[in-house]
Structures are given as structure tokens and as C-alpha cells.
Amino acid sequence: MNRYTDYGQKESVKRPDQNHHHTAVMLFLPFVLILFLASCQAMKLESREESETTPQATDDVRAFYIDSVSGDDSHSGTREDSPWKTLEKVSSMIFQPGDHIYFKRDRSYIGCATIRGNGTADNPITIGAYGSGAAPSFTNADKRYKNGNAIQIRGDHHIVEGLYFHRTASAPPDASFFEVWSSGALHVGLGFDHVIIRNNEFSHVAKAIQSYSQYSLITNNYIHDTNELEQEGFLSIPYWGPIGIHLGIGNQEISYNTIENMYVEGGEWGGDGGAIEIDDGRNHKDNIHIHHNQTKHNMGFLEISWYDDIERRPTSNILIEHNVSRDYQDFVFWWGRDSGSRISNNTIIRTDFVDGMAADTAFLLDGLQKVNIKENIVVARDGMWDPLFTGARVDTSERTDNVYWDVDDGMVDLGVEPGPGEFMADPQFVDFNGGDYRLRPGSPAEGLGALTGESIEDETS
């Protein structure tokens, strides 16, 4: 949600270990390299098309089965041959630690399932799929029914995996904050923590995920395309474009997701939407780790609110690392105060444009901040009307060892004096036009950017 045309204006974090969470300090998360070639495309489609054998209950695990075609709510639901039928039946239950809730593949589910009950660290409640064929699909086109959510999580220690969400409703036009924050295909409510959302696909949605879950993990999801059938693709016309992942509290991790085409043209700001957004100042915005994501043609990678929020709340310990972004508008819109945050080892491509946008830069830093920006690769193109660094307090950031390049003439308008170790040079990607942003041997950007260590032998030799 880009709302400004005038620029004047530690706790530990718990991560999942297979099927449960454990405590880990965010600054010491293990380093893993991201791959964006053929294997990445296969990952996008895995949750929609994979075929699996049917999971079986054990003496320690209760399993519940739902089949929207051949089920019956009068059945026990505890066996494959006696499944429930409706989402209303699921919503009427209070589940227990270790329960598995399985939706049959090759089936469509219309409306909203509210999953209630608490799991534990060792025995989470798992929501997934059974049978063979395409992933079970969920849609709710009625914004008046449970805010257009297709699944609501209302409990601690849940895992949501292997599902397909599509064509879910937007918020109402000119929506209030509360209406916007209540929307989303998958909605995790405030106070329901330790939730894992993984290996799902979200297609043609105004918002994919709204998470108020602390100590959560959102990983390996494929999010793409806004719901153009509602409000011209807006989440709430004219002020809110579509959003991939929306956070309303801190202590969360977003990793290894692919987010594409969450944008609209027009509206109050000329163009709007984005891959990730953090707001709702009623809650803290601390300890958020955003890493190893791939985003393309969203209206910005990350926005963090301040002025236009219910309360102005500073951020701290926001780590943005090893992401590859080829988005429209900014890599970050960071409006408010911050301390202890870092933007490092990202590959940022700002060469694609949409006419009429309210901002056209890479880093909009408007609050009193000392964000550490280091070891990034930033590639621009002639035609940007703003410098790469823009905002009322942009000089308070700490920039070191970044490389910049303009694909047209090499020289980039930074808008600030270069920091220590910063320089301008062609990073020598393997295939810029083809989207292979690994570095060729001898690249001057060796050790920088998202794909550090992924250099290959010169394929042209």
C-alpha cells in the first residue's frame, strides 16, 4: 500500500524443526543458498499437481477426512471410507493436539473452514490433503462471509500444507483498516502462535496470507496474480493494491516463497500492491526474518507502515537477506523509525516500470533509521525518475559494500554519497534477460547479492 507522493513525510524466534518448533536466534539462522532455475519452476507447481498416497492414522494420531463430493457430515469422518462433506462440519469441531485434517485431492471446497483447537510443539494440528490428483482447492468469493477467508486458523501449533487457494474475495471498497486486516485467503488470527504455512499455492487472490501468528514460518509457497474479477484487482479500491503476505505482528519468518504479479495500475497512487507488507501498529513489529524469497513484478518487495496506520510503532531487528527481487517500484518502502535492522545480500533488479506510479526508486527510507544496508547488488535502468535512495531520512542509513549498475550506461543516480566499499560495476550475471542472476567467474560482485557462492563456469568458453 503506497500512500505517499511527498517523501517529506531481542527476542529469540522459534522455527519449525520438521513437525514442531524450536527456539533459534534469528541472527544465527543457518545459511542456505537459493536456486532459481528449473528446480524453482518445478517447486511452484508441486503443491498443485503432486500425487500422494493416503496418510493413515495411528494409535497416537486422530485423522479426519473431508470429501466435498462423496462425504456426509453424519459420518464419523475418521476413516477414508466415511468422510465428512462440508467446511461447516470442520468449523464446528474443536481439534486436539496431534489431529490431522485431510481434504481429498481433486475436490473443490467453497466457503471457509475455521480450524479451532490447540496443538503442541510435539503434536501440532496438521491441515493437509489425502488421495491422489491435484491439490484440494479452496475459494470464498463472498466478502460478507468470514471476510472472504477460505481457511481461518484459530489455534496454536498448526501446520497448513499442500493446499490450493484461488479467487478469494477482496475487502470492501474504501475499506477500514480492520476490514483489510481481516481479509486474506488464509487468515491466522491474533494470539494463535507457532503456525507453519508451507508448500501451498495461491492463485488470483486479492491477498494470499494474513498472519498475526508469532513464532510462525511462512515458507515454500507460490503466490501469483491478483483477482482481477473483483475491484479491478484491488484489495480495496482505491487505496489498497493486492498483497502476497501481510504481517500484523512481529516474531515471524518468511522464506523461500515465490511471489509474482501482485500489482494493479491506477487507483489513488497510480499503481499499488506488493509482495510483503508489515503494518497494524496495535502490535509490535520486531524480530522478522525475510530471506531467500524470489519475487517478480509485484508493486514493490516490502512495505512497512508508519504514517497511515492505526498507531505509529517503530520496528526493530528486521532482517531482509538473500532475496531476489525484480519488482516494479521500490525494494523497500520503510516509512517509520527503526533500530537494529539489516538489508543484506539481496539481488535487486529495478529495470521494469509501470507508468504513473507514485514512487520510482529502490530504497525509500523516510523515518529516523539506522538500517544497515550491505553487500547487495542493485541493478537499475535509465528512466527511473527518482534516485535509488530517496526519503526524508535516507542519510541515516548505514551503507557498506554494495554494488550498483545501470544496464543502459553504467552510472546510477544514488541520491546519496557512496558509503564505504560501495562501487559501480557490471555484476556479470549468467543470463540477465533470462533471469539467471548467478555470477560469472571473475565477477566484480563476487561475495555480494542473493546468490553468493553460486558462480558457475563460463558457459561461453
Side-chain angles (χ1 to χ4, degrees), residues 14-16 19-21 47 62-64 66 84 86-103 109-129 135-140 145-166 168-169 178 180-202 205-221 223 243-255 257 280 283 288:
K14 299 185 179 180
R15 304 182 63 214
N19 286 338
H20 62 277
H21 286 170
S47 68
R62 299 193 311 170
F64 298 90
I66 304 94
W84 295 330
T86 70
L87 301 182
E88 289 76 14
K89 178 65 175 180
V90 177
S91 299
S92 72
M93 303 297 293
I94 304 295
F95 294 98
Q96 301 175 13
D99 282 354
H100 285 61
I101 305 161
Y102 294 122
F103 295 90
Y109 301 87
I110 300 173
C112 179
T114 301
I115 313 297
R116 295 185 173 90
N118 294 324
T120 66
D122 292 328
N123 291 289
I125 294 170
T126 300
I127 303 99
S137 67
F138 295 81
T139 187
N140 179 7
Y145 180 64
K146 296 190 178 181
N147 308 302
N149 309 144
I151 288 183
Q152 297 175 337
I153 300 301
R154 300 295 185 261
D156 295 338
H157 293 286
H158 286 219
I159 298 172
V160 183
E161 60 186 359
L163 307 181
Y164 175 67
F165 300 82
H166 67 107
T168 49
F178 304 106
V180 168
W181 297 333
S182 297
S183 67
L186 175 57
H187 190 282
V188 187
L190 184 65
F192 304 111
D193 299 330
H194 304 279
V195 173
I196 303 171
I197 302 169
R198 66 188 181 196
N199 302 322
N200 304 284
E201 182 178 353
F202 299 81
V205 293
K207 184 197 294 182
I209 299 168
Q210 173 78 52
S211 176
Y212 282 96
S213 177
Q214 296 194 82
Y215 315 112
S216 67
L217 173 66
I218 302 170
T219 189
N220 277 307
N221 300 285
I223 300 168
I243 299 173
I245 299 172
H246 204 172
L247 304 186
I249 199 167
N251 290 331
Q252 303 202 56
E253 179 180 348
I254 301 172
S255 63
N257 301 284
D280 194 347
N283 309 306
I288 297 173

Task: Value rounded to 0.5 Å, distance of CD1 in Ile153 from CD1 in Ile159 - done: 11.0 Å
- [ ] Would you name the heavy atoms of Gly248 and Asn283 that are closest together and state the gap between them?
- [x] O-ND2, 2.9 Å
TODO: Would you check if Ser91 and Lys146 make a side-chain contact, meaning some heavy-atom pair closer than 4.5 Å?
DONE: yes
Open item on the list: Quick check for you: to the nearest 0.5 Å, what is the distance between Ser92 atom OG and Leu87 atom CG?
Closed with: 11.0 Å
Open item on the list: Less than 4.5 Å apart, side chain to side chain, heavy atoms only: is that true for Asn147 and His187?
Closed with: no
TODO: Give the minimum heavy-atom separation between Phe202 and Ala185, together with the two atoms involved.
DONE: CD2-CB, 4.0 Å
Task: Criterion side chain to side chain contact (heavy atoms under 4.5 Å, CB included) against Leu163, the qualifying member of Ile197, Asn200, Asn199 - done: Asn200
- [ ] Locate the shortest heavy-atom distance separating Lys207 from Ser183; write the atom from each residue and the value.
- [x] NZ-OG, 3.2 Å
Open item on the list: Using 30° and 60° as the class boundaries, would you call the ring planes of Phe178 and Trp181 parallel, tilted or perpendicular?
Closed with: perpendicular
- [ ] Rounded to the nearest 0.5 Å, what's the gap from CD on Gln152 to OG1 on Thr114? Could you check?
- [x] 3.5 Å
TODO: Examine distances only and state if a side-chain atom of Asn251 and a backbone atom of Tyr215 form a donor-acceptor pair shorter than 3.5 Å.
DONE: no
- [ ] Quick one: sort the Phe103 and Tyr109 rings into parallel, tilted or perpendicular, breaks at 30° and 60°.
- [x] perpendicular
Open item on the list: Quick one, Ile66 and Lys89 - any side-chain contact, counting heavy atoms below 4.5 Å?
Closed with: no
Task: Val188, Ile125, Leu217 screened by side chain to side chain contact (heavy atoms under 4.5 Å, CB included) with Val195, the one that passes - done: Val188
Task: Side-chain donor/acceptor of Asp280 to backbone N/O of Ile249, under 3.5 Å - done: no
Task: Minimum side-chain heavy-atom gap His166-Ser137 below 4.5 Å - done: yes
Task: Stepwise side-chain hydrogen bond (donor to acceptor under 3.5 Å, both in side chains) check, Gln210 with His246 - done: CA-CA 5 Å; Gln210 173 78 52; His246 204 172; 3.1 Å; yes
Task: Heavy-atom side-chain proximity of Leu247 to Ile254 below 4.5 angstrom - done: yes
Task: Between NE2 on residue His194 and CD on residue Gln214, distance to nearest 0.5 Å - done: 8.5 Å
Open item on the list: For a quick test of reading the model, state the closest non-hydrogen atom pair linking Glu253 to Ser255 and the distance between them.
Closed with: OE2-OG, 3.8 Å
Open item on the list: Using the rule side chain to side chain contact (heavy atoms under 4.5 Å, CB included), only one of Val205, Ile218, Val160, Thr168 pairs with Leu186; which is it?
Closed with: Val160
Open item on the list: Quick check for you: to the nearest 0.5 Å, what is the distance between Ile115 atom CD1 and Thr126 atom OG1?
Closed with: 11.5 Å
TODO: With the side chain counted from C-beta on, respond yes when Asn221 and Ile245 share a heavy-atom pair under 4.5 Å apart, and no when they do not.
DONE: no
TODO: Look at the rings of Phe95 and Phe64 and say which category their plane angle falls in: under 30° parallel, 30 to 60° tilted, over 60° perpendicular.
DONE: perpendicular
Task: Rounded distance [0.5 Å steps], CD1 in Ile101 versus CZ in Arg62 - done: 9.5 Å
